[in-house]
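Data first, discussion second: the structure below is written as C-alpha cells.
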Amino acid sequence: MAAAVLSAFPKKIYAEEVSTPIVLSTWNFGLKANEVAWDVLSKNGKSIDAVENGVKLVEADPSERSVGYGGRPDRDGFVTLDACIMDHDQNIGSVAYLQHIMHPISVARAVMEKTPHVMLVGDGALQFALKEGFKKENLLTAESEKEWKEWLKTSNYKPIVNIENHDTIGMIALDMHGNLSGACTTSGMAFKMHGRVGDSPIIGAGLFVDNEIGAATATGHGEEVIRIAGCHLVVELMRQGRTPEEACREAVERVFKKQQKRASEIQVGFIALNKAGQYGSYCLQKGFSYAVHNNRGNRLIEADSRIK
Ligand code: ASP
C-alpha cells in the first residue's frame with residue numbers, strides 16, 4: 001500500500017500487518033464465493049470482476065436458499081431478487097424485485113455499464129435483462145416450493161434470527177491496483193410481502209464503496225439497515241478514523257439503541273474493509289460469520305456481537 005494512502009489513516013488503523021489483495025464476504029457460503037473472487041484477484045484482476053464472479057457462484061447454487069436460483073419465494077410464491085454492485089469509481093448499478101433471472105448481479109452490472117440510470121426494478125428490470133441476452137428461467141425449485149406450501153399452512157411472517165430463511169451474500173474486495181468494489185445479492189426475506197424490497201439493492205444501505213476510504217456490506221433485517229443508511233454510515237465512520245470493526249460496531253449500536261424493545265428479534269451484521277486492507281465486522285446477535293481470503297488463505301470468522 002502506498003505510503004501516501006496509508007498516511008491518510010490514523011495510525012491505529014494500519015498498525016496491524018495488512019495483506020492485499022483481499023476479499024471478504026458474508027456467511028458460510030462466503031468461503032466458496034471467496035475462492036472464485038480470489039482466482040481473479042490473485043491474477044492481478046479487477047475487484048469489480050472478482051466480486052461479480054464470486055457472488056454469481058452462490059446465485060446459481062440451488063442449495064443456497066436465500067440467494068438467486070432456489071431462493072425462497074415471497075408469500076405469493078414468487079422468487080423476487082435484489083442486487084447491487086459498486087466499483088472504485090463510484091459507478092453503481094442495481095436491480096430490485098427482479099424475477100426469472102438467475103444472475104441479478106450481472107443485470108445490475110449491465111445497468112451500471114449500459115444505461116444512464118443506476119436502478120431498474122420489476123418488469124422494467126426483466127425487460128432490460130432479456131434485451132441484454134439474459135435467459136428467462138423458473139427460479140422456484142421443488143424444495144423452496146415445498147417449504148413455501150408448508151409455510152402457507154400458518155402464513156405467519158416472523159423472520160427468525162440466524163436461521164437461514166434470509167441471508168444475503170455481500171462481498172467487498174481490494175485488488176492489487178488498490179481499487180475497492182462490492183456486490184450484494186439476495187432473494188430477501190423468505191415469505192415477504194409481494195413487492196417488498198430490502199436493503200440489498202440500495203446503495204448506501206446494503207452496500208457502499210468509497211475508494212478513498214473503504215467499503216462495507218450488510219446482511220440481516222433489511223428494514224433496519226435501511227433505517228440507518230447502514231453501509232454509508234460504516235464507510236463514513238471509517239472516514240472519521242474508526243477501524244472497520246469499530247465502524248461496524250457503532251452502526252450496530254445505533255440499530256440497537258433505536259430498536260431496543262425488539263432487538264432480540266432482529267439481526268443486523270456488517271462487514272467492512274478499509275483502503276489499507278484492514279477488515280472487521282460486528283453484528284447484533286451472536287451467530288453471524290464472514291469469510292476472509294487474503295495471501296494467508298481463506299477462513300471463516302465469527303463476528304463479535306452486541307447481544308451475547
Ligand atoms: N438483508 C436481506 C434483506 O433484508 C436479507 C438478509 O441478508 O438476511 O432482504
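Whatever order the structure lists them in is the order used to number ligands and atoms, beginning at 1.
Looking at every heavy atom in both residues, Y290 comes nearest to S281 through CE2-CB, 3.2 Å. The two residues L152 and S155 make their nearest non-hydrogen contact at O-OG, 2.9 Å. The minimum heavy-atom distance between A216 and V234, with the atom names listed, is CB-CG1, 3.6 Å.
Summarising the contacts of atom 5 (C) of ligand 1 with G198, G220, G230, the nearest heavy atom is found in G220.
In the vicinity of T219, heavy-atom distances shorter than 4.0 Å reach the ligand 1 atoms 6 (C), 7 (O), 8 (O). Of all atoms in ligand 1, listed by their number and element, those nearer than 4.0 Å to a heavy atom of S200 are 1 (N), 2 (C). Short contacts between ligand 1 and G188, defined as distances under 4.0 Å to a heavy atom of the residue, involve ligand atoms 9 (O).
Ligand 1 has no nitrogen or oxygen under 3.5 angstrom from a nitrogen or oxygen of D82. Considering backbone and side-chain N/O of D199, one or more are found under 3.5 Å from N/O of ligand 1. Between T168 and ligand 1, an N or O atom pair is found at a separation short of 3.5 Å. Polar contact check, T186 against ligand 1: no nitrogen or oxygen pair lies under 3.5 Å apart.
Here the options are D49, N91, D87, the test is side chain to side chain donor-acceptor pair (under 3.5 Å), and the partner is R109; only D49 passes.
Ring-plane geometry between F78 and H194 is classed as tilted, the angle between the planes lying from 30 to 60 degrees on a 0 to 90 degree scale.
In R196, the part holding a heavy atom less than 4.0 Å from any atom of ligand 1 is the side chain. Neither the backbone nor the side chain of Q267 comes within contact range of ligand 1; no heavy atom lies under 4.0 Å.
Other residues, nucleotides and ligands contribute at most 12 non-hydrogen atoms within 6.0 Å of the NZ atom of K46.
In this structure, D89 has no salt bridge (charged side-chain N to carboxylate O under 4.0 Å, His left out) partners at least two apart in sequence or on a different chain.
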